[in-house]
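The structure appears right after this line, and notes come after that.
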2 protein chains.
Amino acid sequence: MARWEPDARGRLQQAALDLFAEQGFETTSVAQIAERAGVTERTYFRHHADKREVLFAGSEDLEELVVAGVRGAADGVSHLEALVGAFASAQDFFDERRAFVVARHQVLAASRELRERELAKLAALAAALAAALRARGATPVTASLLGDVGVAVFATAFESWVVDGGSLAAQVRDVARELAQAIHDDTSVGER
Amino acid sequence: MARWEPDARGRLQQAALDLFAEQGFETTSVAQIAERAGVTERTYFRHHADKREVLFAGSEDLEELVVAGVRGAADGVSHLEALVGAFASAQDFFDERRAFVVARHQVLAASRELRERELAKLAALAAALAAALRARGATPVTASLLGDVGVAVFATAFESWVVDGGSLAAQVRDVARELAQAIHDDTSVGER
DNA sequence: CGATCGATGTCAGTCACTGCCATCACCTTC
DNA sequence: GAAGGTGATGGCAGTGACTGACATCGATCG
């Protein structure tokens, strides 16, 4: 028999999500999270770098998935299409976890500190995407811009997926179309 | 004669910037900043909400300036052009403070925590721009996307302005052109 | 069976941040 | 011009996030 219950990390994540949802992020202490997970505060900090990070444990997985999607895009595919396809391929990732993802999203929306951390994660994702785009021939500036644009498109699509449900992939495509339209119209107007 | 030296807030900003540059953000304590500014730690927290915020005191001014630029754009001007014009009009704001802005930028670049806060400020700027775009007729989704895109363009242009100097307005326009090109090419390819 | 390892517990300590109350130059009011 | 109000500050105690150092002990390896 194991000396401790297994999966302390997972228990900490669940305890944190529940407590943040019940009573808010700021009014929850790390000691409380640890207690509910059946470990000490010190053990919490061995598994999660700080109080916020516990809600972002899966973010490396998503980043790997989406970056792999860009790297796997065929050569003939445009950069923007590669991004859209990569995000669309993450659909299963979210569908499999919908209840958790939605609950987490509501907790994030309620806390300025947590939203701040989410922005940092999205910025890291954008940087990773930019690197992948450079690897397929985009100039540094274009790659960086498109990385940011891709993340903005995804974030917008994600928002409506949380609210309305449906196909995340389809929503990513719709939002990307709306963006291309907006930029294209602008450019046309500008060239008049 | 005043009971205390005036402009405690400004002294705190200068002391913080200097100390962060000298010895790094993490290894500087708020007590140190307060001491160098000639006040107590308690007074620091009356002027700045937390240890990071001291470097973002002017950010509301920039936001007002750029938002006013969008609101002041003529009706016939496209949304993207309105954004580009608004950021270009902030050129003086940056030129007047170049030494401070560049030093601050280097401090930000060296600290993960400070970069995180900067992302939050840029997100607030993007949201304010989106509201201004909605006021001139953009749909909510388009406004939000273009807000993010505008900030991404500005951030890229700002980066090269810090490194190379020159005209920030011209760099904003160049980056916006490169973005429109990238999206336009993508869209064309997609329509083939 | 003994040495090592890995995950945890324990404890003391630093530092960011807050609430509460005192102080005191300056200003208003009668 | 004396009494009282105001605003910016100091002082101090307290909470909670986070860290370093060391001890514990079941599991594993040789």
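Sequence lines set the chain letters: A, B, ... in the order given, protein chains first and strands last, and positions in each chain run from 1. What you see is a predicted model; the values in this text were computed from it and never measured.
Taking the side chain of A/Arg46 as heavy atoms from C-beta on, and the options C/dC20, D/dC22, D/dA17, the nearest nucleotide is D/dC22. When each of D/dC18, C/dT8, D/dA21 is scored by its nearest atom to the side-chain atoms of A/Ala8, the top-ranked nucleotide is C/dT8. Listed candidates were D/dC12, C/dG6, C/dA16. Nearest to the side chain of A/Trp4 is C/dG6. Out of C/dC17, C/dG19, C/dG6, the shortest distance to the side chain of B/Arg42 is found at C/dG19.
In this structure, B/Arg97 is positioned above the aromatic face of B/Phe93, its NZ or CZ under 6.0 Å from the six-membered ring centre and within 45° of the axis.
For A/His47 and C/dT8, the shortest distance from a side-chain N or O to OP1 or OP2 is below 4.0 Å. Side-chain nitrogen and oxygen atoms of A/Thr40 include none within less than 4.0 Å of the OP1 or OP2 phosphate oxygen of C/dT8.
One side chain, A/Thr142 or B/Glu178, offers a donor N or O that lies under 3.5 Å from an acceptor on the other.
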Which pairs of donor and acceptor atoms, one on a side chain in residues 150-158 of chain B, lie under 3.5 Å apart (sequence neighbours left out)?
from: B/Thr156; atom 1: OG1; to: B/Ala152; atom 2: O; distance (Å): 2.9

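Between the CZ atom of A/Phe45 and the P atom of C/dT14 there is a distance of 18 Å, given to the nearest Å. The distance from atom CD of B/Gln32 to atom C1' of C/dC17 is 17 Å, rounded to the nearest whole Å. Here D/dA17 presents its C1' atom at 14 Å from CD of B/Glu26, a figure rounded to the nearest Å. Per the geometry, CD belonging to A/Glu41 stands 11 Å off P belonging to D/dT19, to the nearest Å. Distance, B/Asp7 CG to D/dT9 C1': 15 Å, rounded to whole Å. Per the geometry, NZ belonging to B/Lys51 stands 17 Å off P belonging to D/dA17, to the nearest Å. Separating the CD atom of B/Glu35 from the C1' atom of D/dG10 is a distance of 15 Å, rounded to the nearest angstrom. In this entry the distance linking CD of B/Glu5 with C1' of C/dA25 reads 14 Å, nearest Å.
Nucleotides of DNA chain D nearest to A/Ser29 and B/Thr43 differ in position, and the one nearer the 5' end is that of B/Thr43. Comparing B/Val39 and A/Ala49 against DNA chain D, the residue whose closest nucleotide sits nearer the 5' end is B/Val39.
Using bins of under 30°, 30° to 60° and over 60° for the plane-to-plane angle, the ring pair B/His184/A/His184 lands in the parallel bin.
A/Thr27 comes within contact range of no nucleotide atom at all, as no heavy-atom separation falls under 4.0 Å.
Sorted by first and then second residue, the pairs that involve residues 16-37 of chain A and meet ring-ring contact (aromatic ring centres under 6.0 Å, His included), not counting sequence neighbours, are A/Phe20-A/Phe25.
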